[in-house]
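Working notes, beginning with the structure itself.
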Amino acid sequence: MHSIMLKNSIDIFELENFIEESCVEVKLKNIPDFFEIHAISDGRSPLAHSICFLEKVEQVQLDSSVVFILSEEIANQPCIVTSDPRYLFIKFLEYIQRSYNYVSLPDGVVKGKHITAFVHEKAIIEEDVFIDQDAWIGAGAVIKKGTVIGKGSIIRENTVIGCSGIALYKSNHGEVVRFPHLSGVIIGENVEIGANAVIVQGTLKPTVVEDNVVIGNLCNIGHGVIVKEKVWMSVGTLIGGNCLVEQGSTLALGVSVKDNLSILENTSI
């Protein structure tokens with residue numbers, strides 16, 4: 001599910017405050033005074049009691065429990081009408097990011113470090129991180145908010161897990177804004193990630209590296225990527241955002257994969 005859960009619900013009054021702050025022309029339509037928002041979701045698969053956006057009005061799945069940010073009103077559908085829905089959605093994500101009231105770790109995961117895990121004294125571990133038993137974190141590594149490190153996994157020196165990627169959008173009025181990354185990174189069991197690698201956090205869904213994966217030095221894994229079990233990536237591999245690398249695949253030295261592509265099971269590149 002592509003969604004971010006909120007720790008505290010947002011009511012219609014706070015939504016109105018956000019709209020006033022956004023300084024763009026916006027109209028609230030068909031939203032009851034008692035309405036509460038509990039999550040942010042992808043408009044293509046909206047979650048009940050969430051807010052989301054769609055640029056194409058014809059893609060809307062009518063649901064009175066969802067607030068859509070749209071370019072035009074739909075009868076009886078709660079929505080926020082604006083000329084640039086993606087821009088307003090980005091501004092809403094920024095608003096949430098500033099308030100720090102969203103859930104960064106997966107359901108059922110509690111922040112903390114297992115007693116058997118090793119974290120070098122020169123590593124940086126942010127709040128809301130879980131490090132499981134026998135994991136090993138090297139000097140200079142940075143583990144950002146919302147990261148899960150599985151059992152026996154190795155994160156070598158100077159690697160960054162969970163930083164924001166570059167996802168830019170130019171609004172209708174010419175302003176360039178960065179799409180906020182609110183989700184985290186899930187690293188499975190017995191994963192090895194080499195030195196100076198970067199694993200970017202997800203936007204609305206986590207970036208996932210499953211069990212028994214090897215990622216070499218100087219690799220970059222983009223936001224929302226899913227790397228399945230037993231994948232091997234050599235030095236300098238670059239994976240663009242929202243790619244899928246299926247189980248057992250091998251990516252050789254310096255391979256670059258563009259955004260939104262799928263690599264099938266047991267493929268060698």
Side-chain angles (χ1 to χ4, degrees), residues 104-120 122-126 128-163 165 181 183-202 205-255 257 262-269:
S104 56
L105 287 170
D107 288 346
V109 177
V110 179
K111 66 180 181 180
K113 178 177 76 72
H114 194 276
I115 191 171
T116 63
F118 170 79
V119 176
H120 194 281
K122 293 187 177 180
I124 298 173
I125 311 296
E126 291 191 351
D128 292 335
V129 167
F130 174 70
I131 303 173
D132 211 340
Q133 67 185 67
D134 298 320
W136 188 94
I137 313 293
V142 179
I143 312 299
K144 306 284 284 183
K145 175 182 178 179
T147 299
V148 174
I149 308 291
K151 296 178 184 177
S153 289
I154 297 171
I155 313 298
R156 297 209 178 274
E157 290 76 9
N158 299 317
T159 281
V160 180
I161 309 289
C163 62
H181 293 57
S183 195
V185 176
I186 300 174
I187 306 294
E189 298 182 7
N190 302 311
V191 171
E192 182 168 352
I193 301 176
N196 297 291
V198 175
I199 313 291
V200 176
Q201 70 183 127
K205 66 170 184 174
T207 303
V208 178
V209 178
E210 293 189 355
D211 301 345
N212 303 303
V213 169
V214 176
I215 297 175
N217 299 339
L218 300 168
C219 290
N220 191 100
I221 310 298
H223 67 267
V225 168
I226 298 175
V227 181
K228 294 287 191 173
E229 292 185 9
K230 299 181 180 178
V231 168
W232 185 86
M233 298 183 190
S234 190
V235 173
T237 298
L238 307 176
I239 308 294
N242 297 310
C243 284
L244 170 64
V245 184
E246 289 281 11
Q247 180 174 334
S249 295
T250 299
L251 285 74
L253 188 74
V255 165
V257 181
S262 295
I263 298 172
L264 299 184
E265 189 171 339
N266 297 320
T267 298
S268 293
I269 302 179

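Values reported hereafter were calculated over all heavy atoms of this structure, with side chains retained and with hydrogens, waters and symmetry mates removed. Bear in mind that the values here come from a model prediction, so they are computed numbers and not experimental data. Note that the numbering runs from 1 along the sequence shown for the chain.
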Tell me if a side-chain donor or acceptor on Thr147 pairs with a main-chain N or O of Val129 at a distance below 3.5 Å. no
Rounded to the nearest 0.5 Å, how far apart are CD1 of Ile115 and NZ of Lys113? 8.0 Å
Return yes if some donor-acceptor pair links the side-chain N/O of Thr159 with the main-chain N/O of Gly194 below 3.5 Å, else return no. yes
Between Thr116 and Asp134, is there a side-chain heavy-atom distance shorter than 4.5 Å? yes
Got a second to check how far Ile263's CD1 is from Thr250's OG1, nearest 0.5 Å? 10.5 Å
For Glu229, does its backbone N or O pair with a side-chain atom of Asn212 as donor and acceptor, under 3.5 Å? no
Hey, is Lys144 close enough to Glu126 for a salt bridge, meaning N to O under 4.0 Å? yes
Where the side chain of Asp128 meets the backbone of Lys145, is there a donor-acceptor pair that is under 3.5 Å apart? no
Roughly how far, to the nearest 0.5 Å, is the CD atom of Glu192 from the OG atom of Ser153? 9.5 Å
Distance-only donor-acceptor pairs under 3.5 Å for side chains of residues 231-247, two or more places apart:
from   : atom 1 : to     : atom 2 : distance (Å)
Thr237 : OG1    : Ser234 : O      : 2.9

Distance (rounded to the nearest 0.5 Å) between Ile137 CD1 and Ile131 CD1: 4.5 Å
Nearest 0.5 Å, what's the NZ-OG distance between Lys111 and Ser104? 9.0 Å
Thr207 versus Val200, closest heavy-atom pair with distance: OG1-O, 2.6 Å
Any side-chain heavy atom of Asp211 within less than 4.5 Å of one from Asn190? no
Between Ser249 (side chain only) and Glu265 (backbone N and O only), is there a donor and an acceptor less than 3.5 Å apart? no
Polar side-chain atom of Gln133 near backbone of His114 as donor-acceptor pair, under 3.5 Å: no
